[in-house]
Amino acid sequence: MSREALITGLGFITSIGNDAAAVVASLREGRHGMVPWDYCGNTAVPIKVAAPVRDFAVDSPSWRDWTWPARYSIPRETLRGLAPHGVYAFCALEQALADAGLARTDLTDGGTGLFCASAGSAFMLHHHLAQARASNYERGNPMGVVSSIAGTLNFNLAAHYGITGAVTGFVSACASSSHALGYAMDEIRLGRQTRMIVVGAEELNADTLLPFAPMRALSTNINPATASRPFDTARDGFVGTGGAAVIIVEEASLARKRGARAYAELIGWGQASDGHSVATSHPDGAGLHEAMRRALRDAGVTPAQIDYVSAHATSTPIGDRAEALALRAVFTATDAHPAVSGTKGLTGHGLSMAGAMEAGFCALALRDGFTPGNAHLVNADPACEGLNLPRESLSARPALILNNSSGFGGSNVCHVLRRAAVKKSSSRPNLHHA
Amino acid sequence: MPNPSPQPPPSTPTPNPLAKFPATIRASHERFLSTRDVAALDAVVLAVVLDHQPAHAKKSGEMIAPDTARLIADLGFDSLALAEIVFFLEDLYKVTITNEELMRITTVGELRAFVRTKVAATRGA
């Protein structure tokens with residue numbers, strides 16, 4: 001496969017910033033997005049911290065109550081079909097298109113596809129079903145399905161933008177948007193599409209997050225400054241976040257033809273499953289280990305060439321340990337010592353959106369030349385012995401990054417990103433810098 | 001940034017579907033409920049229609065749809081948007097509108113007349 005897949009546009013609506021510049025500042029300076037949070041007005045619920053998106057109000061089931069930053073214009077006929085996280089996704093996509101220098105009219109010729117990932121909106125589904133049940137299913141909101149079920153992002157965004165290429169959604173829990181990005185890369189490499197838009201989004205509310213509490217997956221730490229601390233011995237679960245991340249991937253010749261600047265090149269990906277437990281990681285991270293090996297093989301690089309690993313690291317006791325063991329097996333065992341960090345220490349865990357968000361962070365790190373650190377890490381778990389876990393972000397300029405994701409059922413997905421080559425024939429100042 | 005107020009449980013009914021409509025429309029709704037004045041009902045139906053009209057089909061400055069305006073051909077609605085109007089009215093007036101009834105409605109005037117009849121029959125006013 002000779003076609004190269006370049007990242008030419010990014011959009012972020014996240015707990016650490018609502019555009020690339022804010023996200024870079026937060027990643028470099030270690031500014032986290034966690035705050036004290038009241039999910040449902042019940043003090044008996046022990047989950048007291050979350051990482052909300054700022055400048056949006058989408059906590060009502062009625063689109064009439066929603067507000068978002070004034071720079072985004074969402075037509076009402078589109079808005080009425082969206083879930084709350086669809087509003088985030090819409091804004092992140094608008095941002096990514098502007099970043100890539102694309103207009104809506106560029107998306108309609110069949111060359112562009114759209115891969116999305118969210119768990120759907122449990123909140124909207126609950127609302128619409130309650131409404132339907134109140135009339136014993138005699139009445140219901142016609143937009144109830146498309147604004148609720150998994151797929152709501154691709155239904156709405158494809159229709160709004162008139163996208164006529166490959167459009168689908170991915171559902172592998174916390175690996176979902178990593179699957180979307182991996183398969184998007186393949187669409188480009190196989191020559192099926194020349195441009196892919198990858199969207200990951202989730203909403204932060206009781207219906208999406210609190211069902212993780214009975215699984216004992218959420219942190220009960222009440223201190224926003226330490227609740228999410230991947231790889232630390234005192235970690236006790238993840239902190240929820242919402243938002244959206246959008247990545248625009250283009251085939252290199254198309255990108256060059258229209259003078260687009262590339263953040264990074266996607267040079268490989270791999271996936272492998274644990275085949276072990278419905279919800280918890282394999283104790284040795286066996287599936288993730290294999291997924292990393294497959295991604296590196298696909299990219300044609302050795303462990304020693306990787307400068308930085310963006311770990312999945314959600315701050316759960318079992319998951320982080322499994323990932324640490326898998327990382328040691330791939331890297332430490334071959335005397336490779338890339339910097340490893342979990343940015344969920346800053347952002348919280350965005351579930352389906354996490355993989356695309358973090359791939360976006362990797363693209364920023366490659367473009368701007370920095371390596372995110374491990375926020376809130378004080379005492380590294382002994383399982384991490386031998387891993388290079390910088391506390392602070394480093395000014396070290398990575399050239400090759402591995403991005404890890406793991407989801408329920410032991411789905412593991414890894415991407416390899418490379419700093420975009422500066423072509424001598426078209427060397428121009430990097431105007432991408434916001 | 002503590003969240004200002006936790007969200008209500010989603011099963012809580014929307015307090016007032018017309019909450020975001022102009023005060024004159026909410027007043028018309030109240031007037032209809034207390035007096036059964038069908039002119040007041042007409043005003044609400046028209047406001048609900050215009051509220052759901054796609055932005056791309058709106059002519060600048062045009063706020064009134066005549067009774068003869070066809071919902072799909074003239075006002076730019078699609079079948080899903082019509083279903084949304086019907087659901088909104090069903091929810092507001094606690095009536096159920098069947099597909100057959102819906103398919104007989106093509107103009108604003110027919111919708112208004114239909115809602116008058118339907119609401120009157122259901123409420124026994």
Side-chain angles (χ1 to χ4, degrees), chain A residues 15 33-43 45 48-55 57-65 73-81 84 121-135 138-144 146 159 203-207 224, chain B residues 1-22 25-26 47-58 71-72 75-99 101-103 115 118-119 122:
Chain A
S15 66
M34 263 64 77
V35 296
W37 195 252
D38 180 351
Y39 270 103
C40 56
N42 179 358
T43 54
V45 172
K48 309 290 190 191
V49 174
V53 164
R54 276 67 168 177
D55 303 329
V58 289
D59 54 357
S60 159
S62 171
W63 55 268
R64 293 171 194 278
D65 299 329
S73 173
I74 312 179
R76 286 179 131 207
E77 54 267 37
T78 297
L79 189 64
R80 296 201 303 260
S121 177
F123 170 68
M124 292 298 270
L125 191 61
H126 186 167
H127 170 74
H128 290 307
L129 288 175
Q131 230 175 356
R133 286 178 170 189
S135 66
E138 283 181 44
R139 287 191 295 275
N141 187 324
M143 307 309 269
V146 296
E203 52 209 54
L204 174 69
N205 53 40
D207 287 319
Chain B
M1 189 194 81
N3 49 336
S5 61
Q7 60 211 323
S11 51
T12 304
T14 310
N16 177 3
L18 295 173
K20 301 280 170 165
F21 281 68
I25 300 303
R26 292 200 303 276
V48 171
V49 168
L50 292 174
D51 184 67
H52 286 81
Q53 190 180 7
H56 64 78
K58 277 186 180 162
L71 291 160
I72 291 176
L75 300 183
F77 285 97
D78 60 21
S79 60
L80 190 58
L82 284 188
E84 288 185 80
I85 293 176
V86 165
F87 169 68
F88 193 96
L89 294 170
E90 286 179 328
D91 201 41
L92 191 60
Y93 294 111
K94 306 299 174 217
V95 297
T96 299
I97 299 169
T98 66
N99 285 351
E101 290 169 327
L102 178 57
M103 288 172 71
V115 174
K118 190 84 183 179
V119 173
T122 306

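Here is the naming used below: chain letters follow the sequence lines, and residue numbers restart at 1 for every chain.
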How long is the span from the CD atom in B/E90 to the OG atom in A/S135, to the nearest 0.5 Å? 8.5 Å

Residue part contacting chain B, namely of A/R76, when any heavy atom lies under 4.5 Å: side chain

Donor-acceptor pair, distance only, cut-off 3.5 Å: does the side chain of A/E77 make one with the backbone of B/A55? yes

Please classify the contact of B/F77 with chain A as side chain, backbone, both or neither, using a heavy-atom distance under 4.5 Å. neither

Tell me, for B/V95 versus chain A, whether the close heavy atoms (under 4.5 Å) come from the side chain, the backbone, both or neither. backbone

On a heavy-atom basis, the closest approach of B/A81 and A/R80 is CB-NH2, 3.9 Å

Taking every heavy atom of B/D51 against every heavy atom of A/W63, the minimum-distance pair comes out as OD2-CH2, 4.1 Å

Is chain B contacted by the side chain of A/N42, its backbone, both, or neither, given a heavy-atom distance below 4.5 Å? neither

Per-residue tally against chain B (heavy atom, under 4.5 Å) across A/A134, A/G140, A/P224 peaks at A/G140

Just to verify, what does A/R133 make a salt bridge (charged side-chain N to carboxylate O under 4.0 Å, His left out) with, not counting sequence neighbours? none

Set of residues satisfying salt bridge (charged side-chain N to carboxylate O under 4.0 Å, His left out) with respect to A/R139, sequence neighbours excluded: none

